[in-house]
Amino acid sequence: MKEYLKEIPRNIKRIKLDIGLSYNAPHSQDWLEHDKNNELFVFGFEPNPECVEIIKNGNIQKRHPSHGKSIENRYLQNNFCLIPVALGNVNNITEVTHMDFYQMSNDCGTSSLNIPNDQSLGPIKTVSKVPVYSLKDFFDLFDWNRFEYIEYIKIDAQGSDFDILHSAGDYLKDRVVYITAEPESKQYSNVSHNTMENMRDYLESQGFQYIRHPNTLDPTFLNTKYAHLKDDIYICQYG
């Protein structure tokens, strides 16, 4: 994990995590566009090798009119760190875990660590091995001396969202203000635990409160420890 982290510029005051970028990181683009003072830095996690190469190459063209605006080169070079790994509830003590990753033909954004069982997702294009880390692995390396908290974590990981939340250990309750995650529990195999009910129960046990936020579609939670910051932080998730 450490080799993927790049130095955060000195002007940065705020951090967000975008977990599941597809090929164009539209949410990162939206957040950075709303950062008028150039104080935001985004760490983006994407395991799909196809998507990673598209983002790295820049000048990304939208593949469908319904897709959000693609991240601009100016952000890729200054305010964004692409981490080409999957996140999951793993424990990498001696060596990095590698798992099968199912890359889909119709929409690379529906690719997953989990085997698809919904025919509408289309055929599997290829199966590749990708490195898998826990969210705790990232947080263990993060510069908490400089940043007291993470403003926002958005997760869209095609059935792995609940596992990713669990993988953070105590960092969520201590260091994260907002979380949005997708409770997809039917389109992939072995993800029946990735439900809204389980997410809500777990995050409430970590000190979060389920909220209805006007800028998000998927379930969103606010850490009551940081409730005084709720109106000072911009968040957005639109599918």
Side-chain angles (χ1 to χ4, degrees), residues 1 3-87 101 103-104 106-113 125 128 130-131 133 135 138 141-143 147 150-158 160-161 164 176-182 213 215-218 220 233-239:
M1 177 70 76
E3 66 267 30
Y4 300 124
L5 299 180
K6 74 177 184 180
E7 185 175 354
I8 301 172
R10 297 311 304 172
N11 60 291
I12 298 300
K13 298 180 180 178
R14 299 179 290 110
I15 303 292
K16 290 181 169 68
L17 305 189
D18 192 353
I19 302 173
L21 305 174
S22 189
Y23 69 93
N24 62 337
H27 292 99
S28 294
Q29 170 66 26
D30 179 87
W31 306 338
L32 290 164
E33 271 193 321
H34 280 80
D35 175 43
K36 303 306 181 184
N37 296 321
N38 192 32
E39 296 176 344
L40 175 64
F41 193 90
V42 178
F43 287 96
F45 296 81
E46 176 55 54
N48 189 329
E50 177 186 355
C51 295
V52 168
E53 286 307 307
I54 293 171
I55 294 171
K56 281 184 175 180
N57 290 335
N59 298 312
I60 305 163
Q61 303 300 311
K62 287 204 302 182
R63 295 184 170 185
H64 192 276
S66 66
H67 294 172
K69 184 177 179 181
S70 301
I71 191 167
E72 299 173 35
N73 288 1
R74 60 183 173 129
Y75 296 134
L76 291 175
Q77 297 166 3
N78 298 293
N79 296 72
F80 181 85
C81 177
L82 173 61
I83 303 180
V85 307
L87 293 176
F101 186 80
Q103 297 177 230
M104 306 305 293
N106 291 353
D107 180 357
C108 62
T110 63
S111 303
S112 177
L113 288 174
K125 182 177 183 179
S128 55
V130 300
Y133 292 85
L135 196 49
F138 170 80
L141 297 169
F142 187 71
D143 187 0
F147 300 97
I150 302 292
E151 286 191 335
Y152 185 39
I153 299 177
K154 181 235 86 185
I155 310 175
D156 187 351
Q158 309 306 307
S160 295
D161 300 51
I164 293 171
V176 178
V177 181
Y178 279 108
I179 294 172
T180 297
E182 181 188 48
H213 196 283
N215 291 348
T216 65
L217 294 180
D218 286 338
T220 299
I233 296 173
Y234 174 79
I235 70 171
C236 184
Q237 179 271 335
Y238 44 82

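Aromatic ring centres of F45 and Y133 lie farther apart than the 6.0 Å criterion allows.
Rounding to the nearest 0.5 angstrom, the gap separating the CD1 atom in I12 from the CD atom in E7 is 11.5 Å. Going from atom CD1 of I71 over to atom CZ of F80 covers 4.5 Å, rounded to the nearest 0.5 Å. Interatomic distance, CD1 of I60 versus CD1 of I55, reported as 5.5 Å (0.5 Å rounding). Going from atom CZ of F147 over to atom NZ of K13 covers 10.5 Å, rounded to the nearest 0.5 Å. Between atom CD of residue E53 and atom CG of residue L82 there is a gap of 9.0 Å, rounded to the nearest 0.5 Å. From L5, atom CG reaches atom CZ of F142 across 9.5 Å, with rounding to the nearest 0.5 Å.
Annotation for N24 and G68: closest pair ND2-O, 3.1 Å, computed over non-hydrogen atoms.
At distances below 3.5 Å, at least one donor-acceptor pair connects side-chain atoms of E46 with backbone N or O atoms of S22. Side-chain atoms of N215 come within 3.5 Å of backbone atoms of I235 as a donor-acceptor pair (strictly under, hydrogens ignored). Between the side chain of D30 and the backbone N or O of P26, no donor-acceptor pair lies under 3.5 Å. Of the possible polar contacts, one joining the S111 side chain to the M104 backbone as a donor-acceptor pair under 3.5 Å is found. No donor-acceptor pair under 3.5 Å is formed between the side chain of D161 and the backbone N or O of A181.
Just one of I150, I19, I83 meets the side-chain contact (heavy atoms from CB on, under 4.5 Å) condition when paired with F43; it is I83. Partner of D18 under the side-chain hydrogen bond (donor to acceptor under 3.5 Å, both in side chains) criterion, out of Q237, H27, K154: K154 alone.
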Run the numbers on H67 and Y23 for side chain to side chain donor-acceptor pair (under 3.5 Å), then give the verdict.
CA-CA 10 Å; H67 294 172; Y23 69 93; 2.7 Å; yes

The test is side chain to side chain contact (heavy atoms under 4.5 Å, CB included); show your working for N79 and N38 and say whether it passes.
CA-CA 8 Å; N79 296 72; N38 192 32; 2.9 Å; yes

